[in-house]
Amino acid sequence: MSVGLQRLRDEPDMLRRATADKGEDAGVVDRALDLDARRRDLLATGDALKAERNDASRKIGEAVRSGADPNGIQVAELKVASTRVAALVTGIDAELATVQAALDDAMLRIPNPADPDVPVGGEEANVIVRTWGDPLPRDQRRPHWELAEELGMIDNVRGAKITGSGWPVYLGAGSNLQRALIGWFLDVHTRESGMTEVWPPVLVNADSARGTGQIPDKEDQMYVATRDDLYLIPTAEVPVTNLHRDEILEAGALPIRYAAYSASFRREAGAAGRDTRGILRVHQFDKVEMVSFVRPGESEAELEWLTERAEALLQRLGLAYRVLLMATREMGFVQARKYDLEVWAPGVERWLEVSSVSNFRDYQARRMAIRHRADAAGKPQLVHTLNGSALALPRTVAAIIETYQQPDGSIVIPDVLRPYFGDRERIGPA
RNA sequence: GGAGGGGUGGCAGAGUGGACGAAUGCAUCGGUCUUGAAAACCGACGUGGGUGCGAGCCCACCGUGGGUUCGAAUCCCACCCCCUCCGCCA
């Protein structure tokens, strides 16, 4: 259940169109409608039979209580009737379980419809909302992997030895830069933006992976610890959003905002051979993620606010970037609206995605049963969830190295990070 | 990993195979009283689903999943989680 049965029944046309817009097979909508009808039918028959069975059992109870012999003929006669009904119930329940499972599966495969103003299409339909800073020309600049290797910051070869291709090792100033960025990001989010810091587990169970939508949509992108049936998280979004799974939040608790650092793991299945140099596409990377739980009416404003918080980091790092409103087929399963932040890397002359900020509306909340009470006496209603990276490290590191490189091969450290480097001003050849 | 104890409504905490969706207390909400508040008293108060215009009626849920039974919070089996002790360990 993700878009909700009510909506499935009320707006099937809209869901068919929205599903197709996201590049998915709209047939699931009709499959779900059909299963829902069968389920309700079975439910009605089953419930009626159960009522009959309960009634019969109640009569036996009353008879025994008023003195009838539990093993006598009178009770035996009563049992005959209720045994017959109980057998029917067993049959209906079995059929219902099958239909229910199929319906659950179908509902999990209906994507979250995109907001009405999201452009329909693929990459070509993305809209550049704004650009900040000046994308520097390449000039004599070199790609980050050359400098990082010369300065002993990143070792891909040894990473490949100890784990495999796409598992970089950060050393010396490279490691220090990771630590500086993580610390500074968290400091800004907690001290300036008031978010609560979280340090989550990096392995999660299947329920959690399903809650945020990694299962079944992105299952093959996750590493699985089969022996214990656990998944390595592809983003801190998974454990942090699941913090409130199956909870009813008290009135006045919202908004809840978290900032979490975690390592993130992605198999990058299907991307083998792409971006093999440097750290643009790796299996393990570090990221600080923002996660918000808000009242339904507040998620649109929250999306803009989270985007600003991510942008503020890039601005203070002095990196040129642009904000894209992503088109329907670029957006994935669970998002209703998504902004990508792309930073300019002059050494490779490319815009690199360093953040993705999304509004899920009530879609994840329904999967995870995260609700709140608008007031103390009110009925629980679903919250809206959002998240955004702020920021993913590897491409930010690449952009910093390429933007701040000097002709002599050293790298000037951005002002905001110097406190984390013992006030050093540059990373130079040892 | 071994031994023992335990998981029941927002919280605490009873619960004998049939009257139990579940006593009682606290919290919460509405009301009476009061100049106001407190106290006291009265009342309401779980979640999800089906059905009906509606009052309502029906079904399911006592950690999870199976089983026994006409009938399970209660009995049986498996698993998960928490607590105590022992062992191991960064």
Side-chain angles (χ1 to χ4, degrees), chain A residues 1-10 32-104 106-107 199 201-211 225-231 239 242-254 256 263 362 365-383:
Chain A
M1 179 140 9
S2 296
V3 296
L5 287 172
Q6 201 55 53
R7 199 163 177 198
L8 174 73
R9 294 166 196 163
D10 293 345
L33 277 169
D34 181 54
L35 288 162
D36 178 47
R38 286 177 58 197
R39 186 189 72 107
R40 279 197 281 180
D41 198 45
L42 287 166
L43 219 43
T45 347
D47 281 1
L49 286 169
K50 282 177 188 171
E52 201 178 318
R53 181 200 61 190
N54 292 346
D55 201 49
S57 293
R58 203 170 297 122
K59 283 204 179 77
I60 295 174
E62 283 164 9
V64 171
R65 237 175 300 116
S66 58
D69 175 7
N71 300 311
I73 182 82
Q74 183 198 352
V75 168
E77 276 171 13
L78 287 170
K79 281 187 186 177
V80 171
S82 65
T83 304
R84 183 180 51 78
V85 180
L88 292 175
V89 168
T90 308
I92 297 278
D93 274 354
E95 197 179 345
L96 182 62
T98 310
V99 171
Q100 183 73 57
L103 176 62
D104 289 346
M107 291 305 284
W199 201 283
V202 295
L203 281 162
V204 297
N205 59 34
D207 283 341
S208 295
R210 193 163 17 247
T226 51
R227 215 171 154 166
D228 297 287
D229 202 19
L230 296 172
Y231 298 81
N242 274 283
L243 275 174
H244 296 297
R245 171 152 53 86
D246 294 320
E247 289 185 17
I248 298 175
L249 305 167
E250 282 312 308
L254 302 178
I256 296 173
D362 64 9
R366 184 174 292 102
R367 286 187 175 217
M368 281 182 277
I370 305 176
R371 294 166 294 173
H372 82 290
R373 291 183 204 278
D375 58 86
K379 281 279 172 192
Q381 63 177 151
L382 295 169
V383 303

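Sequence lines set the chain letters: A, B, ... in the order given, protein chains first and strands last, and positions in each chain run from 1.
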Using the [atom1] atom as the reference point in each nucleotide, state the distance between [N] and [M] in Å, no decimals.
| N | M | atom1 | value |
| --- | --- | --- | --- |
| B:G63 | B:G6 | P | 14 Å |
| B:G87 | B:C20 | C1' | 44 Å |
| B:A23 | B:G15 | P | 14 Å |
| B:G46 | B:G31 | C1' | 23 Å |
| B:C80 | B:U68 | C1' | 23 Å |
| B:C77 | B:A72 | C1' | 15 Å |
| B:C26 | B:C79 | P | 42 Å |
| B:C45 | B:A27 | C1' | 11 Å |

Who is the Watson-Crick or G-U wobble partner of [N], with both distances under 3.5 Å?
| N | result |
| --- | --- |
| B:A23 | none |
| B:U16 | none |
| B:A3 | B:U84 |
| B:A73 | none |
| B:G43 | B:C29 |

Handout entry: Distance below 4.0 Å between A:N205 side-chain N/O and B:C80 OP1 or OP2
Key =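 The answer is no; no side-chain N or O of A:N205 sits under 4.0 Å from OP1 or OP2.
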Handout entry: N/O (side chain, A:N54) to phosphate O (OP1/OP2, B:C58) under 4.0 Å
Key =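 For A:N54, the contact criterion (side-chain N or O under 4.0 Å from OP1 or OP2 of B:C58) is not met.
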What does [X] touch in the nucleic acid at a heavy-atom separation under 4.0 angstrom: a base, only the sugar-phosphate, or nothing?
| X | answer |
| --- | --- |
| A:R371 | sugar-phosphate |
| A:L78 | nothing |
| A:R53 | sugar-phosphate |
| A:A51 | sugar-phosphate |

If I take atom [atom1] in residue [X] and atom [atom2] in nucleotide [N], what distance separates them, rounded to the nearest angstrom?
| X | N | atom1 | atom2 | value |
| --- | --- | --- | --- | --- |
| A:K50 | B:C58 | NZ | C1' | 11 Å |
| A:L49 | B:G71 | CG | C1' | 16 Å |
| A:D228 | B:C80 | CG | C1' | 14 Å |
| A:R39 | B:C59 | CZ | P | 17 Å |
| A:D47 | B:G56 | CG | C1' | 16 Å |
| A:D246 | B:C61 | CG | P | 18 Å |
| A:R373 | B:C29 | CZ | P | 13 Å |
| A:R58 | B:G18 | CZ | P | 14 Å |

Exercise for the section: Could you check A:V85, A:I92, A:D93 and say which one makes a side-chain contact (heavy atoms from CB on, under 4.5 Å) with A:K50? Expected result: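 That would be A:D93.
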Completion exercise
When A:A56 and A:A48 are each assigned the nearest nucleotide of RNA chain B, the 5'-most assignment goes to A:A48
Exercise for the section: Select from A:S82 and A:G46 the residue whose nearest nucleotide in RNA chain B is closer to the 5' end of that strand. Expected result: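 Its nearest nucleotide lies further toward 5', so the answer is A:G46.
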Handout entry: Side-chain donor-acceptor pair present, A:N205, A:S208, cut-off under 3.5 Å
Key = yes
Fill in the blank from the handout: Out of B:G50, B:C70, B:U47, minimum distance to the side chain of A:A44 belongs to B:G50
Completion exercise
Residues passing the side chain to side chain contact (heavy atoms under 4.5 Å, CB included) test with A:A76, sequence neighbours excluded, are none
Exercise for the section: Report the C-alpha separation of A:H244 and A:N242 in whole Å, then their side-chain angles, then the decisive distance to 0.1 Å, and conclude whether the side chain to side chain contact (heavy atoms under 4.5 Å, CB included) test is met. Expected result: CA-CA 5 Å; A:H244 296 297; A:N242 274 283; over 6 Å; no
Practice task
May I ask you to say whether A:D10 pairs ionically with A:R7, meaning some side-chain N is under 4.0 Å from a carboxylate O?
Solution key: no
Practice task
Look at A:R38 together with A:D41 and state whether they make a salt bridge at an N to O cut-off of under 4.0 Å.
Solution key: no
Exercise for the section: Any chance you could measure A:I248, atom CD1, to A:Q381, atom CD, to the nearest 0.5 Å? Expected result: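 Taking CD1 in A:I248 and CD in A:Q381, the distance rounds to 11.5 Å.
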